[in-house]
Amino acid sequence: MDPLTHGVIGLAISAFSGDPVSLTHPISLGCAIGAMSPDIDIIAKVKGDYTYLKHHRGISHSLPSLIGLSIIITIGLSFFFQFQFLQVLFWTFLGCLSHTVFDILNSYGAKLFMPFTKKKSMIGILMLYDPVITLLCILLIFVREKSFVFYSLIGITFFLYLGFRYCMKIYAKKIVEKYYHNGYKIVDINILPALMAFHKWDFIVSTTTYHLVGQVNFINGKVSERKKFKKPQDEVVKMFQQTNVGKYFKEFTPIYHVIQLEKQDNIILKSIDLRYYFRNNFMHHATVIYDDEKNIVESFFHPYHLTKNIPVLETR
């Protein structure tokens, strides 16, 4: 989700405090600023996309950082408002926590438990922009007279909606599994919410011999296959994983495919992040070029588009 949407969610959460939702109220401000603050890791962009994507949704989204950010924001607000410190700190922390929770609910995930683990938590049931969540937030922000029944209905609707999205994901997986189970020996199926379409889900099917990438329509059950990649030999994948860009890519995405090419006297390994398919292409790639003796000549990370080349330093 973008920072503005996170901020709107923070404002909506502040409504549960019982105080008016206003940008001149410390609880609302603390919640909204807190909900946007974990994206402070955008400062890593100063060193380029390679560094930014490596750290994005990492330590700044972890519990220790969320606590630290909440304290800093609350202290900052105390210079402009008079309030009960612990009360505003509590709501500011809820705002911070909401950011990481909603990032976990979409397909990118976040490292909530870093530094205890580097693994991203990811549930993958919400789109990057979700109209239902937005509607609930608007109601919480703009409805002036709020009762216990109103708050209860909003809360129940929210959790029922998450449950519905989770059931959609399970059903989409069953459709894909049924579609492929006769012709392939399935190893794993990953289901992700489509980037924009509410009723569609993206899938990556890993079989013993192929990676199959496509989209399934929840309403009519139609399966559209976008790409079919024949899996390389294990030695090729290990060769890629032993490079610096390979280690980076493996941590960056849990679902990728490696292609081996030969050009003149060079061996070229290209890796594709299979999660995000946009405008008839995948968003993130990596390339390693070897000489005929399998020494690394150069390697690149390609964020957002294959034509964008960021050199990666390799040990020679």
Side-chain angles (χ1 to χ4, degrees), residues 1-2 5 57 101-110 112 119-136 156-232 234 237 249-250 252-259 270-285 304 306:
M1 290 181 176
D2 61 275
T5 303
R57 299 196 182 184
V101 168
F102 275 91
D103 280 352
I104 289 172
L105 288 172
N106 66 42
S107 61
Y108 199 93
L112 177 63
K119 185 178 180 180
K120 280 183 179 176
S121 301
M122 191 273 284
I123 298 175
I125 56 175
L126 294 183
M127 299 178 293
L128 293 178
Y129 168 78
D130 193 289
V132 175
I133 299 299
T134 302
L135 176 61
L136 293 177
I156 291 169
T157 301
F158 172 70
F159 286 107
L160 284 177
Y161 177 63
L162 292 186
F164 172 66
R165 290 289 295 178
Y166 184 74
C167 290
M168 285 179 73
K169 181 175 181 176
I170 293 174
Y171 181 64
K173 185 175 182 178
K174 288 181 178 178
I175 294 173
V176 174
E177 187 174 18
K178 182 179 179 181
Y179 184 84
Y180 283 111
H181 85 282
N182 284 330
Y184 301 92
K185 186 175 181 181
I186 297 174
V187 177
D188 190 29
I189 299 176
N190 284 277
I191 303 292
L192 308 172
L195 292 177
M196 297 300 292
F198 176 85
H199 62 293
K200 294 182 179 180
W201 293 79
D202 294 336
F203 65 82
I204 304 103
V205 177
S206 175
T207 73
T208 52
T209 52
Y210 291 98
H211 279 126
L212 308 163
V213 183
Q215 193 171 75
V216 55
N217 188 314
F218 173 79
I219 296 175
N220 59 23
K222 182 180 177 181
V223 174
S224 302
E225 187 177 291
R226 289 165 166 168
K227 296 289 181 181
K228 180 178 180 179
F229 298 109
K230 186 172 177 59
K231 284 185 174 180
D234 291 341
V237 178
F249 210 76
K250 184 180 179 182
F252 175 70
T253 172
I255 314 167
Y256 63 93
H257 177 76
V258 180
I259 299 172
K270 290 185 175 291
S271 185
I272 306 168
D273 179 358
L274 298 177
R275 293 175 299 171
Y276 306 119
Y277 191 81
F278 184 65
R279 292 180 180 175
N280 298 319
N281 205 348
F282 295 96
M283 288 183 64
H284 305 298
H285 303 75
Y304 307 116
L306 192 55

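Because only heavy atoms are used, hydrogens play no part in the values below, and waters and symmetry mates are left out as well, while side chains stay in.
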Problem set entry | Derivation of the side chain to side chain contact (heavy atoms under 4.5 Å, CB included) call for Asp130 and Asn106 | CA-CA 10 Å; Asp130 193 289; Asn106 66 42; over 6 Å; no
Problem set entry | Inter-residue atom distance Leu195.CG - Gln215.CD, 0.5 Å rounding | 8.5 Å
Problem set entry | Distance, nearest 0.5 Å, that separates CD1 of Ile104 from CG of Leu126 | 11.5 Å
Exercise. Considering only heavy atoms from C-beta outward, does the side chain of Ile186 approach that of Tyr180 to under 4.5 Å?
Worked result: yes
Exercise. Which heavy atom of His257 sits nearest a heavy atom of Lys230, and at what distance?
Worked result: CE1-O, 3.1 Å
Exercise. Under a 4.5 Å cut-off applied to non-hydrogen side-chain atoms, are Arg226 and Asp202 in contact?
Worked result: yes
Seminar exercise, completed: What one should report as the nearest heavy-atom pair of His285 and Ile272 is CD2-CG1, 3.8 Å
Problem set entry | Shortest non-hydrogen contact between Lys169 and Ile191, atoms and distance | CE-O, 3.0 Å
Exercise. Does any non-hydrogen side-chain atom of Met122 lie less than 4.5 Å from one of Tyr108?
Worked result: no
Problem set entry | Point-to-point distance, once rounded to the nearest 0.5 Å, from CE of Met168 to OH of Tyr161 | 7.5 Å
Problem set entry | Side-chain touch Lys222/Val216, heavy atoms, less than 4.5 angstrom | no
Problem set entry | Beyond-backbone contact of Ile133 with Thr5, side-chain heavy atoms, under 4.5 angstrom | no
Exercise. Mind checking whether Arg275 and Thr253 have side chains closer than 4.5 Å, heavy atoms only?
Worked result: yes
Seminar exercise, completed: So OG1 of Thr207 and NZ of Lys228: to nearest 0.5 Å the spacing works out to 8.5 Å
Seminar exercise, completed: Taken to the nearest 0.5 Å, the spacing of Tyr184 OH from Leu212 CG works out to 5.0 Å
Exercise. Got more than 12 heavy atoms from elsewhere within 6.0 Å of OH, Tyr166?
Worked result: no
For this session: Any chance you could lay out the side chain to side chain contact (heavy atoms under 4.5 Å, CB included) test for His199 and Asn217, step after step, and finish with the verdict?
Result: CA-CA 6 Å; His199 62 293; Asn217 188 314; 3.4 Å; yes
For this session: Give a yes or no on this: more than 12 heavy atoms of other residues, nucleotides or ligands lie within 6.0 Å of atom CZ of Phe158.
Result: yes
For this session: Report the C-alpha distance between Phe229 and Tyr210 in whole Å, list the side-chain angles of each, state the deciding distance to 0.1 Å, and finish with yes or no for ring-ring contact (aromatic ring centres under 6.0 Å, His included).
Result: CA-CA 5 Å; Phe229 298 109; Tyr210 291 98; 9.9 Å; no
Problem set entry | Distance in Å, His211 NE2 paired with Asn190 CG, rounded so as to fall on 0.5 Å steps | 9.0 Å
Exercise. Looking only at side chains, do Lys231 and Ser206 share a donor and an acceptor under 3.5 Å apart?
Worked result: yes
Problem set entry | side-chain hydrogen bond (donor to acceptor under 3.5 Å, both in side chains) against Glu177, all qualifying residues, sequence neighbours excluded | none
For this session: Would you check if the side chain of Lys200 reaches a backbone N or O of Pro193 as a donor-acceptor pair within less than 3.5 Å?
Result: no
Exercise. Quick one: are the ring centres of Phe282 and Tyr276 less than 6.0 Å apart?
Worked result: no
Problem set entry | Stepwise side chain to side chain contact (heavy atoms under 4.5 Å, CB included) check, Phe198 with Arg165 | CA-CA 10 Å; Phe198 176 85; Arg165 290 289 295 178; 3.8 Å; yes
Problem set entry | For the student: nearest non-hydrogen atoms of Trp201 and Gly124, plus distance | CZ3-O, 3.7 Å
Problem set entry | Where Pro232 and Val237 come nearest, the two heavy atoms and their spacing | CG-CG2, 3.7 Å
Problem set entry | Met283 and Tyr277, any side-chain heavy atoms less than 4.5 Å apart | no
For this session: Please report the shortest heavy-atom distance between Asp103 and Ala110, naming the atom on each side.
Result: CB-CB, 4.0 Å
Exercise. Are side-chain heavy atoms of Phe203 and Val223 found at a separation under 4.5 Å?
Worked result: yes
